[in-house]
Amino acid sequence: MRPSSLLYLAAAFAPLSLAFAQNVRATGKINEFYAQNCVNCHGAKLEGGVTPANNKVPSLLSEQFLHGNDDESIAKSIKNGYPEKEMPAWGAVLSDKDIRSMVIYIREQQFLFKRGQVKIEKLADSFDGKSQVHSFHVDTWVGDLVEPWSLAFLGANKAIVTEKLGYAYLIDNGKRAARPLIGVPAVDTGGQAGLLDVVPHPDYAKNGWIYFAFSDPQTRDGQPVSLTRIIRGKIKGNALVEQQTIFQAPVEMYPKAGGVHFGGRIAFDGKGHVFFTIGERGTGTNAQNLGVAMGKVHRLNDDGTVPADNPFAKDPKALPSIWSYGHRNPQGLAIHPGTGDLYDLEHGPRGGDEANLVLAGRNYGWPVITYGMDYPGTPMPGSEGTAKAGMEQPVTYWLPSIAPCGASFYSGDLFPKWKNSLFVASLAAKELRRLEIEGNKLVSQEVIFKGETDSNRIRHVIGGPDGALYVLFRERIARLTPAN
Ligand code: HEC
């Protein structure tokens with residue numbers, strides 16, 4: 001920056017930076033910083049305006065930014081400013097992390113503005129929709145459920161659904177059993193805890209094994225504690241029998257019961273391994289600690305033994321089941337049917353949700369790097385920015401957050417042009433997304449449909465043996481078939 005403009009700025013904005021200094025000491029919240037330092041020019045609603053010297057101030061809600069629409073360009077504008085047009089350079093008062101928070105804030109406001117412009121209908125139980133390459137029809141397949149968490153097909157007409165509150169039901173020809181499966185383990189249901197994933201072994205037809213993930217309630221020193229545990233069992237009549245534990249962390253490692261971030265997804269690679277996720281349980285440092293089970297993707301042989309070629313199998317300080325680390329709350333896990341690549345979807349903090357290509361031994365960065373900020377609008381404590389050597393970048397991240405949950409690659413025949421697309425369920429945004437991914441690259445992305453009310457929160461999506469897509473809403477499972 002030219003010295004003359006520096007002087008000019010100092011004179012023009014001394015009161016503003018003073019206000020900022022106080023604000024940062026008081027709360028550091030980015031919306032307050034905007035209100036004190038940007039509003040005069042960019043407007044209370046980010047709508048733009050004019051500067052004291054009558055320069056035109058662009059709207060920050062625009063689809064077409066003067067200096068680039070991507071996050072990096074916006075951050076650069078804020079950092080370096082355009083002093084010749086009276087846009088101050090904020091790099092002296094705002095750290096890169098603060099600037100990142102401001103970009104997130106601008107993205108959220110853009111989203112709210114756009115959302116205010118379109119009327120989003122409450123999704124009907126039955127409706128038709130159009131995506132980029134297929135038209136589809138949505139109908140209720142199984143209703144009368146309470147927070148279904150996962151669905152697995154056990155044959156052409158047989159399925160099993162789990163509910164967060166600890167029930168699993170068999171489904172026969174689209175009809176849910178009147179009574180829940182007997183013998184499902186007791187689960188912690190506090191906060192985000194519950195009965196989580198259910199996935200049959202790839203050779204289920206031969207061996208009958210079904211795998212479950214759940215929040216395992218234990219007591220330690222008289223206090224209730226819980227953590228994600230993986231078991232398998234077989235169905236006999238309406239009961240789960242022959243149960244075996246596949247993974248259970250030592251109870252000394254269990255955090256306080258209830259609370260957040262259990263992970264709890266399971267995926268098979270078809271080569272004798274089972275992958276599963278455990279969230280960091282609300283303690284970011286867990287994710288970087290190889291000595292604990294939290295904040296990791298794990299890999300075991302399908303009988304629970306440790307594969308000899310696991311990346312940390314020979315590290316005496318690490319849990320041998322760990323496949324990758326630095327994860328926050330991975331609630332989606334999917335294997336590409338063509339390449340065998342493993343992807344996870346994880347809830348980040350505000351603005352930091354990620355899709356990752358998950359590779360052996362890699363560090364996915366949480367909480368050291370993140371694209372998000374803390375919920376009050378302050379930088380994540382302890383975070384060092386969005387990238388760091390030795391830590392992986394996501395395939396994509398969502399800003400604002402959509403709260404991605406279950407995900408599956410489509411491999412059916414009913415929607416030929418959706419083959420190998422990754423479908424992603426979202427809770428907060430209440431939408432179903434379709435991603436085309438090649439390796440570590442996002443090729444395209446679209447919203448298939450979007451709901452409005454809490455009953456449209458989507459927990460999971462999987463393809464059925466009939467080629468239809470099954471979507472788990474809050475109270476029902478819907479079925480997507482081609483529209484005629
Ligand atoms: C004194 C007036 C003024 C203030 C205060 C101000 N801006 Fe600006 N801002 C401008 C002007 C004028 C431009 C357009 C520059 C140009 O025409 O190249 C601009 C441009 C920008 C751009 C780039 C927009 C685009 O279309 O590429 C961003 C982002 C931005 N400002 C963010 C902020 C933020 C965040 C704050 C508060 C921390 C802020 N501005 C405070 C006047 C201001």
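Only heavy atoms go into these numbers, but all of them, side chains included; no hydrogens, no water, no symmetry mates. All ligand and atom numbering here is 1-based and tracks the order in the structure. Quick caveat: nothing in here was measured; it's all calculated off a predicted structure. Starting from 1, each residue takes its place in the sequence as its number.
Contacts of Met87 with ligand 1, taken as heavy-atom pairs under 4.0 Å, involve both backbone and side chain. With a 4.0 Å cut-off on non-hydrogen atoms, Ser62 does not touch ligand 1 at all. The proximity of Leu60 to ligand 1, defined as any non-hydrogen pair under 4.0 Å, is limited to the side chain. Both the backbone and the side chain of Phe65 come within contact range of ligand 1, each with a heavy atom under 4.0 Å. Of all the heavy atoms of Cys38, the ones lying under 4.0 Å from any atom of ligand 1 are found in both the backbone and the side chain.
Nearest-residue assignment for atom 14 (C) of ligand 1 (options Pro83, Pro58, Ser73, Ala75; heavy-atom criterion): Pro58. Checking His42, His67, Glu84, Glu86 against atom 20 (C) of ligand 1, the nearest heavy atom belongs to His42. Nearest residue to atom 35 (C) of ligand 1 from Lys76, Lys85, Met102 is Met102 (criterion: closest heavy atom).
Taking the six-membered ring where the residue is Trp, His67 and Tyr82 present parallel rings, their angle staying beneath 30° rather than reaching 60°. Aromatic ring orientation, Tyr397 versus Tyr371: parallel (interplanar angle below 30°, classes split at 30° and 60°).
Take Lys85 and apply the salt bridge (charged side-chain N to carboxylate O under 4.0 Å, His left out) test, not counting sequence neighbours, and it matches no residue. Every residue two or more places apart in sequence or in another chain that forms a side-chain contact (heavy atoms from CB on, under 4.5 Å) with Asp413 is listed here: Lys419.
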Please step through ring pair (Phe, Tyr, Trp, His ring centres under 6.0 Å) for the pair Tyr364 and Tyr325, ending with a clear verdict. CA-CA 6 Å; Tyr364 289 82; Tyr325 63 111; 8.3 Å; no
Would you sort out whether Tyr34 and Tyr105 count as a ring pair (Phe, Tyr, Trp, His ring centres under 6.0 Å), showing the intermediate values? CA-CA 9 Å; Tyr34 181 89; Tyr105 176 71; 5.7 Å; yes
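Counting the atoms of ligand 1 from 1 in the order shown, those under 4.0 Å from a heavy atom of Thr51 are 2 (C), 12 (C). Each of the atoms 29 (C) of ligand 1 lies under 4.0 Å from some heavy atom of Ile74. Heavy-atom contacts of Phe33 reach the following atoms of ligand 1: 38 (C) (cutoff under 4.0 Å).
Within 6.0 Å of atom CD in Glu438, 12 or fewer heavy atoms from other residues, nucleotides or ligands are found, so the atom counts as exposed in its surroundings.
Considering both main-chain and side-chain atoms, Pro52 never comes within under 3.5 Å of ligand 1 through any nitrogen or oxygen pair.
For the pair Tyr34 and ligand 1, no heavy-atom separation below 4.0 Å is found. Residue Lys56 places a heavy atom under 4.0 Å from ligand 1.
In this structure, Arg281 forms a cation-pi arrangement with Phe262, its terminal cationic atom sitting closer than 6.0 Å to the ring centre and no more than 45° off the ring axis.
Checked options Ile104, Thr370, Asn329; the residue passing with Pro349 is Thr370 (criterion: side chain to side chain contact (heavy atoms under 4.5 Å, CB included)).
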